[in-house]
Amino acid sequence: MASTKTAKTFQSSATNTAGSTTTGSTVSLTTSYGCLMTAKITNGGTGPTIACDFIVEVSNDNFSADTKEVFRATASVGANDVNYFNFELPAAVMYARSKFSGNTAQSVTIECTGEELTTI
C-alpha cells in the first residue's frame with residue numbers, strides 16, 4: 001500500500017543576525033503519523049564567535065501556554081561552514097516549530113524543512 005508524504009516549511013531561508021533569535025512557523029501535526037525535520041545553518045565568510053543553535057519545540061495547545069524544548073544542536077563556527085541537523089517528530093506530537101539562536105559577532109543563514117507522513 002502506498003503512503004502519502006507532504007513537504008513542510010518550518011523556517012524559510014533567512015538571516016539570523018548576531019545575538020538574535022528566529023522562531024519559525026508553527027506546523028500542525030495533529031493528523032500526522034510523524035515528520036522528519038531537517039535544519040540547515042550556513043556561516044558567512046567570517047564564522048560566528050559563538051555558534052548558532054538549532055532548537056525544536058513542541059506543544060499540545062499550539063504554543064499558547066504549553067511549550068517544551070525537545071532537541072537542541074549546535075553548529076560549528078568555521079568560515080563558510082554548512083551544518084545540517086535532523087530530528088524525527090513522532091506521531092504523538094501535535095504542534096512543532098524550529099528556533100535558531102545563540103550566534104554572536106556574525107550573522108548566519110538558516111532554514112528548516114520537513115517531510116510529513118500524512119497517510120499510510
Side-chain angles (χ1 to χ4, degrees):
M1 202 173 262
S3 61
T4 303
K5 299 169 186 162
T6 306
K8 296 292 183 182
T9 300
F10 290 89
Q11 174 65 58
S12 298
S13 183
T15 299
N16 191 62
T17 58
S20 297
T21 297
T22 302
T23 302
S25 301
T26 298
V27 173
S28 173
L29 300 169
T30 56
T31 60
S32 174
Y33 292 99
C35 184
L36 177 67
M37 296 175 78
T38 301
K40 180 180 178 185
I41 300 173
T42 306
N43 296 340
T46 301
T49 304
I50 297 174
C52 184
D53 284 348
F54 163 59
I55 303 157
V56 177
E57 294 181 329
V58 298
S59 172
N60 64 12
D61 66 356
N62 201 9
F63 296 99
S64 66
D66 177 57
T67 302
K68 294 175 181 67
E69 179 180 319
V70 295
F71 181 77
R72 181 181 291 249
T74 303
S76 63
V77 295
N80 300 309
D81 283 357
V82 179
N83 299 263
Y84 290 96
F85 301 103
N86 294 299
F87 184 75
E88 189 166 352
L89 295 160
V93 171
M94 296 176 70
Y95 299 93
R97 67 184 180 194
S98 63
K99 278 179 125 173
F100 296 87
S101 185
N103 52 296
T104 61
Q106 301 295 325
S107 297
V108 297
T109 303
I110 56 168
E111 66 180 77
C112 185
T113 58
E115 291 82 34
E116 175 188 21
L117 179 58
T118 51
T119 61
I120 299 174

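The analysis underlying the following values was restricted to heavy atoms, covering all of them including side chains, and did not include hydrogens, waters or symmetry mates. In this text the structure is predicted, and so the values were computed from the model without any measurement.
Other members of the hydrophobic cluster containing Phe63, listed by chain and number, are Met94, Tyr95; membership follows side-chain contacts under 4.5 Å among ILVMFWY residues, whether direct or relayed.
For Cys112 against Met37, the heavy-atom pair with the smallest separation is SG-CE, 3.7 Å. The two residues Ser76 and Ala51 have their closest heavy-atom pair at O-CB, 3.6 Å.
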**Q.** Test log, rule side chain to side chain contact (heavy atoms under 4.5 Å, CB included), inputs Phe71 and Ser98
**A.** CA-CA 10 Å; Phe71 181 77; Ser98 63; over 6 Å; no
Q) So Ile50 and Asn103, side chain to side chain contact (heavy atoms under 4.5 Å, CB included) or not? Walk me through it. A) CA-CA 5 Å; Ile50 297 174; Asn103 52 296; over 6 Å; no
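For the atom pair Phe10 CZ and Cys35 SG, the distance stands at 4.0 Å (nearest 0.5 Å). Atom-to-atom distance recorded for Ile55:CD1 and Thr74:OG1 is 8.5 Å, nearest 0.5 angstrom.
Applying the side chain to side chain donor-acceptor pair (under 3.5 Å) test to residues at least two apart or on different chains, the pairs with a partner in residues 61-71 are Ser59-Asp61, Asp61-Ser64, Asp66-Lys68, Glu69-Arg72. Sorted by first then second residue, the ring pair (Phe, Tyr, Trp, His ring centres under 6.0 Å) pairs that include residues 100-120, not counting sequence neighbours, are Phe54-Phe100. Applying the side chain to side chain donor-acceptor pair (under 3.5 Å) test to pairs two or more places apart or on separate chains, those with a residue in residues 36-50 are Thr38-Asn86. Listed by first and then second residue, the ring pair (Phe, Tyr, Trp, His ring centres under 6.0 Å) pairs that reach into residues 19-49 come to none, sequence neighbours excluded. A salt bridge (charged side-chain N to carboxylate O under 4.0 Å, His left out) check over residues 74-85, counting only residues at least two apart or in different chains, returns nothing. Among residue pairs with one or both ends in residues 94-109, those qualifying as salt bridge (charged side-chain N to carboxylate O under 4.0 Å, His left out) are Glu57-Arg97, Glu57-Lys99; sequence neighbours excluded.
Two residues are said to be in side-chain contact when any heavy atoms from C-beta on lie closer than 4.5 Å; Ile41 and Thr109 fail this criterion.
A search for side chain to side chain contact (heavy atoms under 4.5 Å, CB included) contacts involving Ser25 returns nothing, not counting sequence neighbours. Annotation: side-chain hydrogen bond (donor to acceptor under 3.5 Å, both in side chains) contacts of Thr22 (sequence neighbours excluded): Asn16. Scanning for side chain to side chain contact (heavy atoms under 4.5 Å, CB included) contacts around Ala18 gives an empty result, with sequence neighbours left out. Looking at residues two or more places apart in sequence or on another chain, you find no side chain to side chain contact (heavy atoms under 4.5 Å, CB included) involving Thr31.
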Enumerate, atom names and distances included, each donor-acceptor pair closer than 3.5 Å involving a side-chain atom of residues 1-9, sequence neighbours excluded.
from	atom 1	to	atom 2	distance (Å)
Thr4	OG1	Thr119	OG1	2.7
Lys8	NZ	Glu116	OE1	3.1

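Here the rule is side-chain contact (heavy atoms from CB on, under 4.5 Å) with Ser101, and of Thr21, Thr23, Ile110 only Thr21 fits it.
Formation of a donor-acceptor pair under 3.5 Å by the Thr15 side chain with backbone atoms of Thr17 is not found in this model.
One hydrophobic cluster, built from ILVMFWY side chains closer than 4.5 Å, holds both Val27 and Val70. Both Val56 and Phe85 belong to a single network of hydrophobic side chains, linked directly or stepwise wherever heavy atoms of I, L, V, M, F, W or Y lie under 4.5 Å apart.
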